[in-house]
Q: 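My questions will all concern the structure given below.
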Amino acid sequence: MKTICGIDCSGCSRKNSCKGCVETDGHPWGGDCVAAECFKIGGKKYFDDFEAELIKEFNALGITDMPMVTELCHLCGSFVNLEYNLPSGQKVKLLNDNNIYLGYQLEKQGGKRCYGLVADSHFLLVCEYGCKGSDPMSLS
């Protein structure tokens, strides 16, 4: 499958239902792909600069027990779209299952929980969660 950004999608469990980003102009499953958007605007250099800026912004949040972010991965929204409990008791998902984001998982220093980082060109999301995404808490 051809991709706009050159990533190898052969290991994706959803590849058989994906129409491919070249065929859909960067909208696999009908959603948006932040990497494809960057490559269409300015190629690999634009994407690399964008990714470096996101890493800088995540690290600037100053979350004391979060390790430094050094890299981001392409993440399908359906893999990282956790359900959060609001104070009202309502449960919500903050992401689009069909979008491709940049993000990473970092183990919380001194604990058994993780930080999940997700971003696109409009927002940064940091959440804390337990084993296998249990008990998520949005931090920003």
Side-chain angles (χ1 to χ4, degrees):
M1 175 177 311
K2 285 186 165 185
T3 62
I4 292 172
C5 69
I7 191 171
D8 179 7
C9 294
S10 63
C12 178
S13 63
R14 291 185 66 193
K15 70 179 177 203
N16 291 336
S17 64
C18 175
K19 295 176 182 160
C21 69
V22 169
E23 294 83 357
T24 62
D25 193 35
H27 302 281
W29 305 292
D32 296 325
C33 174
V34 67
E37 290 173 14
C38 288
F39 270 79
K40 290 190 305 186
I41 291 169
K44 179 158 177 43
K45 177 163 178 14
Y46 186 91
F47 174 78
D48 290 344
D49 291 346
F50 177 77
E51 181 180 27
E53 182 61 30
L54 288 179
I55 289 170
K56 181 178 170 184
E57 290 179 23
F58 276 124
N59 288 326
L61 293 173
I63 300 171
T64 56
D65 53 1
M66 185 174 84
M68 293 295 287
V69 181
T70 59
E71 64 182 308
L72 297 173
C73 300
H74 296 74
L75 298 170
C76 183
S78 64
F79 297 145
V80 294
N81 198 8
L82 301 177
E83 192 170 67
Y84 300 92
N85 294 312
L86 298 178
S88 67
Q90 180 184 6
K91 294 182 178 204
V92 298
K93 289 186 170 189
L94 302 175
L95 304 174
N96 181 326
D97 283 348
N98 294 324
N99 284 359
I100 305 296
Y101 300 95
L102 293 178
Y104 209 73
Q105 176 177 289
L106 299 168
E107 190 171 317
K108 187 174 177 178
Q109 293 175 347
K112 294 182 180 180
R113 295 179 61 82
C114 293
Y115 286 116
L117 314 176
V118 179
D120 68 8
S121 58
H122 305 290
F123 71 90
L124 300 177
L125 170 69
V126 178
C127 67
E128 179 186 323
Y129 50 86
C131 183
K132 298 183 181 178
S134 66
D135 191 30
M137 302 171 1
S138 176
L139 302 177
S140 64

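Here the structure is a predicted model, which means the values were calculated and not measured.
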Q: Test side-chain contact (heavy atoms from CB on, under 4.5 Å) on Lys108 and Met66 and set out the steps.
A: CA-CA 6 Å; Lys108 187 174 177 178; Met66 185 174 84; over 6 Å; no
Q: Go through Leu82 and Cys127 one step at a time and tell me if the side-chain contact (heavy atoms from CB on, under 4.5 Å) criterion holds.
A: CA-CA 9 Å; Leu82 301 177; Cys127 67; 4.1 Å; yes
Q: When you measure from the side chain of Asp48 to the backbone N and O of Glu51, does any donor-acceptor pair fall under 3.5 Å?
A: no
Q: Indicate yes or no for a side-chain donor-acceptor contact from Lys40 to the backbone of Asp25 under 3.5 Å, with no hydrogens or angles considered.
A: yes
Q: Compare every heavy atom of Cys76 with every heavy atom of Ile100, then report the nearest pair and how far apart it is.
A: CD1-CA, 3.9 Å
Q: Might you point out which heavy atoms bring Gly20 and Cys18 nearest each other, and give the distance in Å?
A: N-SG, 3.0 Å
Q: If you count every heavy atom of other residues, nucleotides or ligands that lies below 6.0 Å from Gln109 atom CD, does the total exceed 12?
A: yes
Q: So, taking the atom named CG in Asn98 and the one named OG in Ser17, what distance separates them when rounded to the nearest 0.5 Å?
A: 9.0 Å
Q: Other than Tyr46, which residues form its hydrophobic cluster under the rule that side-chain heavy atoms must be closer than 4.5 Å?
A: Ile41
Q: Excluding sequence neighbours, so at least two apart, what forms side-chain contact (heavy atoms from CB on, under 4.5 Å) with Glu71?
A: Tyr104
Q: Check whether any side-chain N or O of Tyr101 sits under 3.5 Å from a backbone N or O of Cys73 as a donor-acceptor pair, and report yes or no.
A: no
Q: Asp135: what forms a side-chain contact (heavy atoms from CB on, under 4.5 Å) with it, not counting sequence neighbours?
A: Arg113
Q: Would Asn81 and Asp97 satisfy side-chain hydrogen bond (donor to acceptor under 3.5 Å, both in side chains), going step by step from the backbone distance to the final call?
A: CA-CA 6 Å; Asn81 198 8; Asp97 283 348; 2.9 Å; yes
Q: What's the spacing between Met68 CE and Ile55 CD1 if we round to 0.5 Å?
A: 10.0 Å
Q: Examine distances only and state if a side-chain atom of Asn99 and a backbone atom of Asp32 form a donor-acceptor pair shorter than 3.5 Å.
A: yes
Q: Quick check for you: to the nearest 0.5 Å, what is the distance between Asp120 atom CG and Leu102 atom CG?
A: 8.5 Å
Q: If we count only N and O atoms by modelled type, under 3.5 Å, do the side chains of Gln105 and Tyr129 hold a donor and an acceptor together?
A: yes
Q: Residues two or more places apart in sequence or in another chain: which of them pass side-chain contact (heavy atoms from CB on, under 4.5 Å) with Ser13?
A: Phe79
Q: For residues 2-31, which residue pairs qualify under ring pair (Phe, Tyr, Trp, His ring centres under 6.0 Å), counting only residues two or more places apart or in two chains?
A: none
Q: For the residue pair Val69 and Phe58, what are the closest heavy atoms and their distance?
A: CG2-CB, 3.9 Å
Q: So, taking the atom named CD in Glu37 and the one named OG in Ser121, what distance separates them when rounded to the nearest 0.5 Å?
A: 5.0 Å
Q: Flag the pair Cys21 / Pro28 as yes when at least one side-chain heavy-atom distance between them is below 4.5 Å, and no otherwise.
A: yes
Q: Return the set of residues passing salt bridge (charged side-chain N to carboxylate O under 4.0 Å, His left out) with Lys93 (not counting sequence neighbours), or none when no residue passes.
A: none
Q: Going through the distances and angles, do Lys44 and Phe39 end up as a side-chain contact (heavy atoms from CB on, under 4.5 Å)?
A: CA-CA 6 Å; Lys44 179 158 177 43; Phe39 270 79; 3.8 Å; yes
Q: For His74 versus Ala35, what's the shortest heavy-atom pair and its separation?
A: NE2-CB, 3.3 Å
Q: Please name the pair of heavy atoms, one in Ser10 and one in Asp8, separated by the smallest distance, quoted to 0.1 Å.
A: OG-OD1, 2.7 Å
Q: Can you find a pair of side-chain heavy atoms, one from Leu95 and one from Val118, that are under 4.5 Å apart?
A: yes
Q: The test is side-chain contact (heavy atoms from CB on, under 4.5 Å); show your working for Val92 and Leu94 and say whether it passes.
A: CA-CA 6 Å; Val92 298; Leu94 302 175; 4.1 Å; yes
Q: Testing the basics here: between Ile4 and Val22, what is the closest heavy-atom pair and its distance to 0.1 Å?
A: N-CG2, 3.9 Å
Q: Taking atom types as modelled, is there a side-chain donor on Tyr115 or Asp65 under 3.5 Å from an acceptor on the other?
A: yes
